[in-house]
Amino acid sequence: MSDLAMTYAIYWPSAEVMKVGRARTMARIRSLTSTGGQVIILMRDRQASDEQHALAAMRPRFARAFSTELSSTHLLPRGRGFT
């Protein structure tokens with residue numbers, strides 16, 4: 001399997017939460033938008049380093065949105081990717 005995937009950034013304006021992640025299929029993107037997230041970046045066929053660089057840039061500037069998987073389930077289906 002290729003190491004390429006989509007890199008995305010999704011924002012929930014009502015919660016003031018942004019998620020940066022990677023997905024191989026649009027099912028993940030649809031699950032996040034079903035909870036009110038808005039896609040602000042969607043780049044196809046990208047290396048994992050795109051996500052890593054974005055998270056590294058955000059980490060010193062923004063507090064974590066969730067402290068536990070359970071606290072994220074209202075936005076992230078099944079709490080996946082809350083870190």
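Numbers here simply count residues along the sequence, with the first being 1.
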Practice item. Compare every heavy atom of Gln38 with every heavy atom of Pro13, then report the nearest pair and how far apart it is. Key: CG-NE2, 3.5 Å
Review point. Hey, are the side chains of Leu4 and Gln47 touching, using non-hydrogen atoms and a 4.5 Å cut-off?
Key: yes
**Study point:** Verdict with reasoning, Phe66 to Val17, per side-chain contact (heavy atoms from CB on, under 4.5 Å)
**Key:** CA-CA 9 Å; Phe66 309 107; Val17 168; 4.1 Å; yes
**Study point:** Between CE on residue Met26 and CG on residue Leu32, distance to nearest 0.5 Å
**Key:** 10.0 Å
Check your understanding: Of the non-hydrogen atoms in Gly79 and Thr73, which two are nearest, and what is the gap between them?
Key -> N-CG2, 3.6 Å
Study note, to complete from the structure: Here the gap from Thr35 atom OG1 to Leu76 atom CG, rounded to the nearest 0.5 Å, amounts to 7.0 Å
Practice item. Applying side-chain contact (heavy atoms from CB on, under 4.5 Å) between Met6 and each of Ile41, Asp50, Leu42, report the one that passes. Key: Leu42
Check your understanding: When rounded to the nearest 0.5 angstrom, what distance separates OG in Ser31 from CD1 in Ile10?
Key -> 7.5 Å
Review point. If you round to the nearest 0.5 Å, how far is CZ of Arg78 from OG of Ser72?
Key: 11.5 Å
Practice item. Write down the atom of Gly21, the atom of Glu51, and the distance for their closest heavy-atom approach. Key: CA-OE2, 3.4 Å
Review point. Within the side chain of Lys19, is there an N or O that forms a donor-acceptor pair under 3.5 Å with the backbone of Gly81?
Key: yes
Check your understanding: Looking at CZ of Arg24 and CG of Asp3, how far apart are the two atoms once the value is rounded to the nearest 0.5 Å?
Key -> 7.5 Å
Check your understanding: Nearest 0.5 Å, what's the CH2-CE distance between Trp12 and Met18?
Key -> 10.0 Å
Practice item. Dump the intermediate steps for side-chain contact (heavy atoms from CB on, under 4.5 Å) on Tyr8 and Arg28, then the final yes or no. Key: CA-CA 10 Å; Tyr8 62 82; Arg28 175 67 170 156; 3.5 Å; yes
Point to revise | Pair Thr68, Ser71: side-chain N/O donor-acceptor within cut-off below 3.5 Å | key: yes
Check your understanding: When you look at Thr33 and Val39, which way does the side-chain contact (heavy atoms from CB on, under 4.5 Å) test go after all the steps?
Key -> CA-CA 7 Å; Thr33 59; Val39 177; 3.7 Å; yes
Exercise for review: Considering non-hydrogen atoms only, spot the tightest contact between Ala57 and Pro60 and give its length.
Suggested key: O-CD, 3.5 Å
